[in-house]
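One structure below.
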Amino acid sequence: MCEPCCLSQLACCCGSAACSLCCGCCPKIKQSTSTRFMYTLFFILVTVTCVIMMSPTVETAMQENIPFYTEMCNKLNAGENCSTLVGYSAVYKVCFGMACFFFLFSVFTIRVQTSTGCRAAVHNGFWLFKFVALLACCAGGFFLPNQERFLEVWRYVGAAGGFLFIIIQLMLLVQFAHRWNQNWSSGVKYNKIWYAALALVTLVLFSVAVGALVFMIMFYTDPEACFLNKLFLGVNGGLCFIVSLLAISPCIQTFQPTTGLLQSAIISVYVMYLTFSALASKPIEMVERNGKNVTVCIFPYNSGLQSETNIVTGIGTAILFGCILYSCLISTTKRSSTALQVYRNDMPENERARCCFCCVDDTEDYDDEKTAGGQNVKYDERDGTIYSYCYFHFVFFLGSLYVMMTVTNWFHYENAKIERLLEGSWSVFWIKMASCWVCLFLYMWTLLVPMLFPKRFQA
C-alpha cells in the first residue's frame, strides 16, 4: 500500500493529479477543496515565517542554541547576528514575495472556466514546482535594488491592500448575517421551532452586545479622562440601535420581508467586538491623582506576570490569523463571492433550513475516484470550475498584504514586535474604529438599496 500511495503523492507534487492523504479511512475530499487547502498551507508557512522574523524571543533563542550562528550569518552576508533576516524590513520583503506569487497566479488564471485546460492543471497541481517558485519569490525580495525606496513605496501598497482586505471581510460578515436569517426563516413555515430558534439566537446576541457595551463603559471610561472612548462608545452603540430599528421598519419590510433583527444582532456583536479591540489597542492614558500618575481606561487582565501577557498575545494572534484564513477561503466559494455584489433576496424556493447552513455544498454529487492506497478524491470540477481561480488568488494576494501590515503593527513598524502585537498604537485604533463604521454602513446600504433602486433589485 505504501508504494502506490507514494506514487500518487509524487503525481500530486510533480503533475496535475489532485492531492490527498495516504490514509484510506479519511473522509472523501473534493479536488477544489484539496487545491485550496494546499494554497492555504503555503500561506500559513510564510505567515509563520513572518511571525518568527518579528519575534526577538525566537531570535535570541536561535543565537543561543544554533551552533556557529554568527559564522553562518557572516557567510550568508546577512549582517551581524542575521540582522537583515529579522525585523519589519525582512517581513516586508518576504510578504512582497508571497504577494507577487499570488498576484502572478491571479493574472495567470484570468477567465479560466474549465478545469481541463493547461492553466487549470497548473493551478490544481505541480505543487513541488510552485513551492520552489514561492521560495524563490520570497528570497528575491532580499536582492531588490534601492531597498529603502522599495520599503517606503511597498508600505503604502500594503496599507491599501490591507484596507481592501478588511472591506472584503466586512462584506462577508454582512452576507453571512443575511444568509443566516434567510436560511432559518425558510424553515418557519414548515416548523415553528425555527421561529423559536431565531428568537432565541437574536436575544442571546443582543444580550452579548449590550453586555459588551456595559463592560466597556465600566472599564474603558473614566470621569476625568478618555473622552474619545466615551464618544465612540456612544456613537457606535447609537448606530447599532438605529440599524436595528431600521431593519424592522415597515418601509424596509415592504421590500425585504425576510429582513429581521437577527442580522442586526450579528452586526451589533461584531461592532462591539471591533470597538473593544480598538479601545484595547489605544495607547494608555494617565491622570494625576493624589500626586501620582495613574493609568486609566484599561482592563486589568494582567496581574504582572509576563507569562500571562504571552498567553494573551498568543491567543490574540491565533484568532487574528484564523479570521484571515476564514476570509481567504470562504470568500472564494460560489455563494460567498456574491458578497461583492449588492445583496439580493435570492432565496430559492427549495431552500431548506439547516443548523450548519454555511457548510452546505455549492455543488452536486460527483463520482469518486479512488486514490491508490489512500483517500478518495471527488472530482467536482469536471463540468467546469466551481469558483473563480483568479479571484481566489487575488484574495490571498490581499491577505498577504494584510498579514504584512498587521504583523508589523501597520504604521508603527520601527519598534514592532510580535510579542507586542496587542499593545496600543493610534494607527491600529483608528483602523479598527473605521472598520466599525464601514461595517455599519455596508449593512445599512443593503437595507436601503432595495427601497432606493427597486427596479434594479427586482431585476
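Throughout, residue positions are numbered sequentially from 1 according to the sequence presented.
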Evaluate the side-chain proximity of F43 to S400: yes if any heavy-atom separation is below 4.5 Å, no if none is. yes
Evaluate the ring planes of F96 and W154, with Trp represented by its six-membered ring, and classify them as parallel (under 30°), tilted (30 to 60°) or perpendicular (over 60°). perpendicular
We want to know whether K230 and T221 form a side-chain donor-acceptor pair, criterion being a heavy-atom distance below 3.5 angstrom. no
Could you tell me how the ring of F101 sits relative to the ring of F105: parallel (under 30°), tilted (30 to 60°) or perpendicular (over 60°)? tilted
Identify which one of L170, V271, L239 satisfies the side-chain contact (heavy atoms from CB on, under 4.5 Å) criterion when paired with C436. V271
Would you say the ring centers of F397 and F102 fall short of 6.0 Å from each other? no
Whether over 12 other heavy atoms sit under 6.0 Å from I193 CD1: no
For the CZ atom on F227, are there more than 12 heavy atoms of other groups (residues, nucleotides or ligands in this structure) within a distance under 6.0 Å? no
Nearest heavy-atom pair of C240 and L440: which atoms, and what distance? SG-CD2, 4.3 Å
Residue that, paired with F394, satisfies side-chain contact (heavy atoms from CB on, under 4.5 Å) out of L164, V107, T109: L164
Return yes if some donor-acceptor pair links the side-chain N/O of K130 with the main-chain N/O of V122 below 3.5 Å, else return no. yes
Do the side chain of R155 and the main chain of F150 share a donor and acceptor less than 3.5 angstrom apart? no
Before you tell me yes or no, could you show the steps for F232 and W430 under ring-ring contact (aromatic ring centres under 6.0 Å, His included), namely the whole-Å CA-CA distance, both residues' side-chain angles and the distance that decides it to 0.1 Å? CA-CA 11 Å; F232 291 141; W430 286 113; 5.6 Å; yes
Is a side-chain donor-acceptor pair under 3.5 Å present for Y391 with S106? no
